[in-house]
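Please read all numbers here as calculations on a predicted model, not as lab measurements.
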Amino acid sequence: MAFKPFDLTGKVALITGGNGGIGLGMAEGLAMAGAKVAIWGQNEEKNAKAEARLKAHGVEVLAQKVNVADEGEVVAGVAQVLKTFGRLDFCAANAGIGGGAPFDQMTTEKWRRVTTVNLDAVFWTFREAVKHMVERANAGDPGGSLAVTSSTSAIHGAPRNEAYASTKGAVLSMVRGLAVEYARYGVRANSILPGWIATDMTQGAQDNDKFNEQVILKRVPVRRWGEWEDFSGIAVYLASDASKFHTGDSFVIDGGYTIF
């Protein structure tokens, strides 16, 4: 039999925030590799467009309207994935929001909004996924992979963005703990740290000529914005048997920004 470490046929993947941007890039890579894919998003029109795009690759797709800031919706969302597909092999906690403001003017309400979406939601999503993976392992079918979308803001100064950076740093620690705690069940956990990526969240910076000149062209060695397609490969790798001995790590995908 041919060795096909990146073949995801028979595997099921969930990507929160999977209807656009980095999440859709991950979802499309997974679909192209043969995985059944579930995506979460709150915009039903975007969900429908993403679902159609993914189904064009010939795989089963489940698009769900889930607000990750609501614990009950997260629990119900994972339950629906399991009911539809019968299992969950790869769970990417990708949904997130920004929350930039001068630190001395940051309101508690805004701080809580960012931490709920970017940190609490990761906890709820991974908790539900891990419950299933442990149950499956105890039944003789070990394995599973967790991936969280962090940010390079977690490892360098992020002025006016401390709420966002705090959550992105926290999930790195969460993932390292999960990697150790659940290795006995064959479950892996890793982090992905994007740099400057062209998404809805960064639209203002994309339209700023000075930012493009001073940051993208001068501080990013590859001299371009990252694109959502740049995350297809890492998703396939982490979901596949190619990474079955790779856990507790952080993958910086930033065109060289953090080392220049």
Could you state the interatomic distance from CE (M174) to OG1 (T167), rounded to the nearest 0.5 Å? 10.0 Å
Is there a side-chain contact between P194 and D254 (heavy atoms, below 4.5 Å)? no
Provide the closest heavy-atom pair for F126 versus A147 in the form atom of the first, atom of the second, distance. CZ-O, 3.4 Å
Would you call K46 and D200 a side-chain contact if the rule is heavy atoms closer than 4.5 Å? yes
Using salt bridge (Lys or Arg N to Asp or Glu O under 4.0 Å), reason through D241 and K11 one step at a time and then give a plain yes or no. CA-CA 11 Å; D241 290 342; K11 292 186 181 294; 3.8 Å; yes
Name all residues meeting the ring pair (Phe, Tyr, Trp, His ring centres under 6.0 Å) criterion together with W225; count only those two or more places apart in sequence or in a different chain, and write none if there are none. F211
Do you know the tightest heavy-atom contact between A154 and S150? CB-OG, 3.7 Å
Counting heavy atoms not belonging to M106, are there more than 12 under 6.0 Å from its CE? yes
Heavy-atom closest contact (V187 atom, G143 atom, distance): CG2-O, 4.0 Å
If you define the side chain from C-beta out and look only at heavy atoms, does anything of V37 sit under 4.5 Å from I15? yes
Within a strict 4.5 Å, meaning less than it, do heavy atoms of the I197 and W228 side chains meet? no
Could you work out, with side chain to side chain donor-acceptor pair (under 3.5 Å) as the rule, every residue matching T9, not counting sequence neighbours? D7
Tell me the closest heavy-atom pair linking N94 and T16, and the distance in Å. N-OG1, 2.8 Å
Is H132 reaching over with its side chain to a backbone N or O of L88, donor-acceptor style, under 3.5 angstrom? yes
Is it the case that the side chains of N190 and D249 hold a donor-acceptor pair, with the cut-off being a distance below 3.5 Å and no angle test? no
H156 versus T258, closest heavy-atom pair with distance: CD2-CG2, 4.4 Å
With the 4.5 Å side-chain cut-off for hydrophobic clustering, are Y257 and I192 part of the same group? no
CG of L178 to CZ of F123: how many Å apart, nearest 0.5 Å? 10.5 Å
Spacing of NZ belonging to K210 relative to CG belonging to N212, to within rounding of 0.5 Å: 13.0 Å
Measure from the side-chain N and O atoms of S145 to the backbone N and O of L238, and report whether any donor-acceptor pair falls under 3.5 Å. yes
Can you tell if the side chain of V68 reaches within under 4.5 Å of the side chain of E73, non-hydrogen atoms only? no
From the options K168, R160, E162, select the one residue that forms a side-chain contact (heavy atoms from CB on, under 4.5 Å) with Y164. K168
Sequence neighbours left out, what pairs pass salt bridge (charged side-chain N to carboxylate O under 4.0 Å, His left out) with at least one residue falling in residues 132-144? R87-D141, D89-R136, R136-D141
May I have the step-by-step check of salt bridge (Lys or Arg N to Asp or Glu O under 4.0 Å) for E128 and K131, ending in yes or no? CA-CA 5 Å; E128 298 308 303; K131 285 180 182 178; 3.3 Å; yes
Counting N and O atoms only, with roles assigned by atom type, does the side chain of S191 sit under 3.5 Å from a partner on the main chain of V148, one being a donor and the other an acceptor? no
So do the side chains of N118 and I97 get within less than 4.5 Å of each other, counting heavy atoms only? yes
Only counting residues at least two apart or in another chain, list the ones meeting side-chain contact (heavy atoms from CB on, under 4.5 Å) with V130. V134, L146, Y182
State whether the side chain of T125 and the backbone N or O of V122 hold a donor-acceptor pair below 3.5 Å, judged by distance alone. no
Can you get from L14 to V236 by hopping between Ile, Leu, Val, Met, Phe, Trp and Tyr side chains that sit under 4.5 Å apart? no
Atom CG of L8 and atom CZ of F90: how far apart are they, to the nearest 0.5 Å? 9.0 Å
Which pair of heavy atoms, one from L172 and one from I155, lies closest together, and at what distance? CD1-CG2, 4.4 Å
What verdict does the salt bridge (Lys or Arg N to Asp or Glu O under 4.0 Å) test give for R113 and E109, after you've listed the backbone C-alpha separation in whole Å, the side-chain angles of each residue and the deciding distance to 0.1 Å? CA-CA 6 Å; R113 170 62 177 164; E109 180 183 12; over 6 Å; no
Residues at least two apart in sequence or cross-chain that pass salt bridge (Lys or Arg N to Asp or Glu O under 4.0 Å) with D230, listed by chain then number, are R224
Separation between OG1 (T202) and CD1 (I216), nearest 0.5 Å, reads 8.5 Å
Give the intermediate values and the outcome of side chain to side chain contact (heavy atoms under 4.5 Å, CB included) for residues M32 and S232. CA-CA 9 Å; M32 292 174 69; S232 297; 6.0 Å; no
In terms of hydrophobic clustering (I, L, V, M, F, W, Y; side-chain heavy atoms under 4.5 Å; direct or indirect links), are V66 and L24 co-clustered? no
Keeping the roles fixed (side chain from K110, backbone from Q105), state whether a donor-acceptor pair exists under 3.5 Å. no
Say whether N47 and E51, considering side chains only, have a donor N or O and an acceptor N or O under 3.5 Å apart. no
Would a hydrophobic clustering, with Ile, Leu, Val, Met, Phe, Trp and Tyr connected at side-chain separations under 4.5 Å, put V171 with I234? no
Side-chain heavy-atom pair Q214, R219 within 4.5 angstrom cut-off: no
Considering only NZ, NE, NH1 and NH2 on the basic side and carboxylate oxygens on the acidic side, decide whether R127 and E71 come within less than 4.0 Å. yes
Please check if the side chain of E229 supplies one atom and the backbone of M26 the other of a donor-acceptor pair under 3.5 Å. no
Inter-residue atom distance M201.CE - I22.CD1, 0.5 Å rounding: 8.0 Å
State whether the side chain of T247 and the backbone N or O of A189 hold a donor-acceptor pair below 3.5 Å, judged by distance alone. yes
Hydrophobic cluster membership, with links at side-chain heavy-atom distances under 4.5 Å among I/L/V/M/F/W/Y: are F6 and V59 in one? yes
Does any non-hydrogen side-chain atom of L193 lie less than 4.5 Å from one of I253? no
Taking only residues two or more places apart in sequence or in another chain, which ones pass ring pair (Phe, Tyr, Trp, His ring centres under 6.0 Å) with H246? Y237, F251
Any chance CD of E44 has more than 12 other-residue heavy atoms, nucleotides or ligands included, within less than 6.0 Å? no
